[in-house]
There are 2 protein chains.
Amino acid sequence: MNNPKQETKLKVRPACESCGVRALCLPVSLDGEALSLMDDLVKRRAPLKKGDYLFRTGDKFKSLFAIQYGSMKSYGLTIDGKEQVTGFHLTGEVLGMDAIDEDVHHCNAVALEKTEICELPFSALEHLQNEVPSLQHDLNCIMSREIRRDHHMLLMLGSTTVEQRMARFLLNLYERLQKRGAENNILNLSMTRQDIGNYLGVAFETVSRQLAHMQDEGILEIKNRNIHLLDVDRLEAIAG
Amino acid sequence: MNNPKQETKLKVRPACESCGVRALCLPVSLDGEALSLMDDLVKRRAPLKKGDYLFRTGDKFKSLFAIQYGSMKSYGLTIDGKEQVTGFHLTGEVLGMDAIDEDVHHCNAVALEKTEICELPFSALEHLQNEVPSLQHDLNCIMSREIRRDHHMLLMLGSTTVEQRMARFLLNLYERLQKRGAENNILNLSMTRQDIGNYLGVAFETVSRQLAHMQDEGILEIKNRNIHLLDVDRLEAIAG
DNA sequence: CGGGGGGTTGATACATGTCAAGCGATGTGG
DNA sequence: CCACATCGCTTGACATGTATCAACCCCCCG
């Protein structure tokens, strides 16, 4: 196993394993003092159970939230009341950045499994920015990453064939997990087929069929919600 | 000629009409001194002609770009070399924020018509953030807006029916123009049907047919690339 | 005037949505 | 601990929407 991507594990201070800095996956531009200031800033929270909400549309924005462990989905409601999934969020990712501008959350964020969250009160974070200039750049980077992630998603959804969308979806998850240091090719989907279908803009039966088809082709292996990627290259070829 | 774009107005200091601050649509939290610092920062550029590139994938990131007048599209290339449109950008919007993190542009940005651009060197901008704390918050807000805009797009593309996607696409453009002060219901599409189809993940013939169908229904009126929205309510009902 | 790109429209094949039935896993209460 | 209910998932049959191929028109530009 000499996968280069495994090397891209996050270089964060081991001393700070469970704090917000780690969760934020900040580049390590902060010195010891700044780190302890960050630590003071972070609010602990009881872990979310599956189905618990972190915030809802219309909630006042107070904090950013970093996922320390677990996964979440965010969704909005259409006028006729239907759920529209806008994203899945994995360990190490940050939620709530779309609310900074108008001070109000614009989507619902719900836990897909037991999930531990780090709360970062935003006013304190902005205040700390003044004292720690490098934090400014870090925050800019985090938001930039989120924007790029979203653009990547848009690119993903813009294909006409469902096969491509599925492939891109799976590869996207795969890459995100690799970045976090996953050491095998197994995707442990925490969301339902319905959620995936909703997200990709296809019927959930089609998701099921596409996965089955890819399994027939030997590209992957399905065990309930565990998907073992057998042939990443071919998946990439499909994704285009 | 009563082109809506000519009416476009932003609520910023009139003294600063053609500078970067105006283009950025910053909340007016800056005082006179800060404004003049911003002005010094901004680089003028010759206007882009239709088809000119602002940046390309792989270009080193140096500046953010604010559109003062005109429109652009951004796109990436799939492995097999096909264009994949990731977004359209109108007057007053900012490009390049996805490049902050890795210092490299991740998409191509090309002008869809004659377009005037304001260049904001990013290192200078971050430096100015130190001296003008409120600018920090403003920049956070701008990036937050971009993130929310992208989420909105994701929401848009996640519907199974093409009719919904078209409706959401049109409404999205409509809202963005309204925000900039447009005073009628005419969308002046600067992109081709191909671009729209590519962006929405449908064949361009389908775009054409959907528009024709909506015209038959009396929802809108098509005159080449000018689309007159006659019944916004119904469009919203379709969008769901 | 001619050429070319963009746009519309039509015919056809095919992929995907929809409806329906059944299976499997999971969790709950007796 | 088991039985049951529920939810999620798979698979099949069918109808429909959309991609594809093709012809043609229109408008802009050289």
Side-chain angles (χ1 to χ4, degrees), chain A residues 49-52 71 73 82-85 88 110 112-114 157-167 169-170 187-217 220-228 238 240, chain B residues 49-51 71 73 82-85 88 110-114 157-167 169-170 187-217 220-228 238 240:
Chain A
K49 292 190 301 293
K50 178 177 172 178
D52 283 350
S71 57
K73 81 170 174 187
K82 284 182 189 162
E83 206 175 298
Q84 186 71 255
V85 176
F88 301 110
V110 60
L112 293 169
E113 58 191 318
K114 185 182 168 219
L157 293 177
S159 61
T160 56
T161 76
V162 175
E163 193 183 25
Q164 272 194 354
R165 282 189 227 175
M166 267 307 299
F169 171 74
L170 292 173
L187 305 180
N188 207 322
L189 303 183
S190 56
M191 71 292 288
T192 66
R193 303 280 195 268
Q194 288 233 31
D195 286 336
I196 297 172
N198 184 309
Y199 180 59
L200 296 181
V202 299
F204 71 92
E205 295 96 328
T206 304
V207 172
S208 196
R209 273 187 256 266
Q210 284 292 341
L211 285 174
H213 181 247
M214 286 176 172
Q215 182 169 237
D216 292 346
E217 297 279 313
L220 47 78
E221 201 172 13
I222 309 169
K223 280 183 201 147
N224 300 321
R225 290 197 180 175
N226 288 344
I227 301 217
H228 189 171
I238 293 171
Chain B
K49 292 189 302 293
K50 177 178 173 179
S71 56
K73 81 169 174 188
K82 284 182 190 163
E83 207 175 298
Q84 187 69 255
V85 177
F88 301 110
V110 60
L112 293 169
E113 58 191 318
K114 185 184 167 219
L157 292 177
S159 61
T160 56
T161 77
V162 175
E163 195 184 23
Q164 272 194 352
R165 282 190 226 175
M166 267 307 299
F169 171 74
L170 293 173
L187 305 180
N188 206 322
L189 303 182
S190 55
M191 69 291 287
T192 67
R193 304 281 195 266
Q194 288 233 33
D195 286 335
I196 298 173
N198 184 309
Y199 180 59
L200 296 180
V202 299
F204 70 91
E205 295 96 327
T206 305
V207 172
S208 196
R209 273 187 256 266
Q210 284 292 340
L211 286 174
H213 181 246
M214 285 177 173
Q215 181 169 237
D216 292 346
E217 296 278 314
L220 48 76
E221 201 172 13
I222 310 170
K223 280 182 202 148
N224 301 320
R225 291 198 181 175
N226 288 344
I227 300 214
H228 190 171
I238 292 171

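Naming convention: chains lettered A, B, ... in sequence-line order (proteins, then strands); numbering from 1 in each chain. Keep in mind that what you see is a predicted model, and the values were worked out from it rather than measured. Only heavy atoms go into these numbers, but all of them, side chains included; no hydrogens, no water, no symmetry mates.
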Original post:
Could you state the CG-P distance from A:Asn226 to C:dA25, rounded to the nearest angstrom?
Top reply: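 Taking atom P of C:dA25 as the reference, CG of A:Asn226 is at 13 Å.
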Original post:
Taking atom P of C:dA25 as reference, at what distance in whole Å does atom NZ of A:Lys50 sit?
Top reply: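 Rounded to the whole Å, the gap is 16 Å.
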Where do N or O atoms of nucleotides 12-16 of chain C meet protein N or O atoms at under 3.5 Å, pair by pair?
{"unit_1": "C:dT16", "atom_1": "OP1", "unit_2": "A:Val162", "atom_2": "N", "d": "3.2"}

Original post:
In Å and rounded to the nearest 0.5 Å, what is the CD1 to CG distance from B:Ile227 to B:Leu211?
Top reply: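 Interatomic distance, B:Ile227 CD1 to B:Leu211 CG, rounded to 0.5 Å: 4.5 Å.
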Subject >> Rounded distance (nearest 0.5 Å) linking atom CG of B:Asp195 with atom CZ of B:Phe88 >> reply: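 It comes to 5.0 Å.
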Original post:
What pair of heavy atoms forms the shortest contact from B:Tyr199 to B:Val85, and how long is it?
Top reply: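 Here B:Tyr199 and B:Val85 meet closest at CD1-O, 3.6 Å.
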Subject >> Nearest non-hydrogen partners of B:Arg165 and A:Gly201, listed with the distance >> reply: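 For B:Arg165 versus A:Gly201, the nearest heavy atoms are NH2-O, 4.2 Å.
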Original post:
Roughly how bent is the helix from C:dC1-D:dG30 to C:dG30-D:dC1 end to end, in steps of 10 degrees, with each end axis from five pairs?
Top reply: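 Roughly 40°, once rounded to the nearest ten degrees.
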Original post:
Yes or no on side-chain contact (heavy atoms from CB on, under 4.5 Å) for A:Val202 and A:Gln210, after CA distance, side-chain angles and deciding distance?
Top reply: CA-CA 11 Å; A:Val202 299; A:Gln210 284 292 341; over 6 Å; no
Subject >> Pairing residues for A:Phe169 by the ring-ring contact (aromatic ring centres under 6.0 Å, His included) criterion, not counting sequence neighbours >> reply: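 So A:Phe169 forms no ring-ring contact (aromatic ring centres under 6.0 Å, His included) with any residue.
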Subject >> salt bridge (Lys or Arg N to Asp or Glu O under 4.0 Å) involving B:Glu163 - partner list, sequence neighbours excluded >> reply: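 Result, salt bridge (Lys or Arg N to Asp or Glu O under 4.0 Å) vs B:Glu163: none returned.
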Subject >> Non-neighbouring partners of B:Lys49 that pass salt bridge (Lys or Arg N to Asp or Glu O under 4.0 Å), sequence neighbours left out >> reply: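 For B:Lys49 the salt bridge (Lys or Arg N to Asp or Glu O under 4.0 Å) partners, ignoring immediate neighbours, are B:Asp52.
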Taking only residues two or more places apart in sequence, or in another chain, which ones meet [X] in a side-chain hydrogen bond (donor to acceptor under 3.5 Å, both in side chains)?
{"X": "A:Asn188", "value": "A:Asn226"}
{"X": "B:Gln215", "value": "none"}
{"X": "B:Glu83", "value": "B:Lys73"}

Subject >> Set of residues satisfying side-chain contact (heavy atoms from CB on, under 4.5 Å) with respect to B:Lys50, sequence neighbours excluded >> reply: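 B:Lys50 satisfies side-chain contact (heavy atoms from CB on, under 4.5 Å) with no residue once adjacent residues are dropped.
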Could you pull out the protein-nucleic contacts involving nucleotides 5-8 of chain C (nitrogen or oxygen on both sides, under 3.5 Å)?
{"unit_1": "C:dG6", "atom_1": "O3'", "unit_2": "B:Arg225", "atom_2": "NH2", "d": "3.4"}
{"unit_1": "C:dG7", "atom_1": "OP1", "unit_2": "B:Arg225", "atom_2": "NE", "d": "3.1"}
{"unit_1": "C:dG7", "atom_1": "OP2", "unit_2": "B:Arg193", "atom_2": "N", "d": "2.9"}
{"unit_1": "C:dT8", "atom_1": "OP1", "unit_2": "B:Arg193", "atom_2": "NH2", "d": "3.2"}
{"unit_1": "C:dT8", "atom_1": "OP2", "unit_2": "B:Arg193", "atom_2": "NE", "d": "2.9"}
{"unit_1": "C:dT8", "atom_1": "OP2", "unit_2": "B:Ser208", "atom_2": "OG", "d": "2.6"}
{"unit_1": "C:dT8", "atom_1": "O5'", "unit_2": "B:Ser208", "atom_2": "OG", "d": "3.1"}

Subject >> Pair listing, salt bridge (Lys or Arg N to Asp or Glu O under 4.0 Å) test, anchored in residues 200-210 of chain A, at least two apart >> reply: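 Sorted pair list comes back empty.
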Original post:
Between which nucleotides of DNA chain D, 5' to 3', does chain A make heavy-atom contacts below 4.0 Å?
Top reply: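 Contact span on the strand: D:dG8 to D:dA13.
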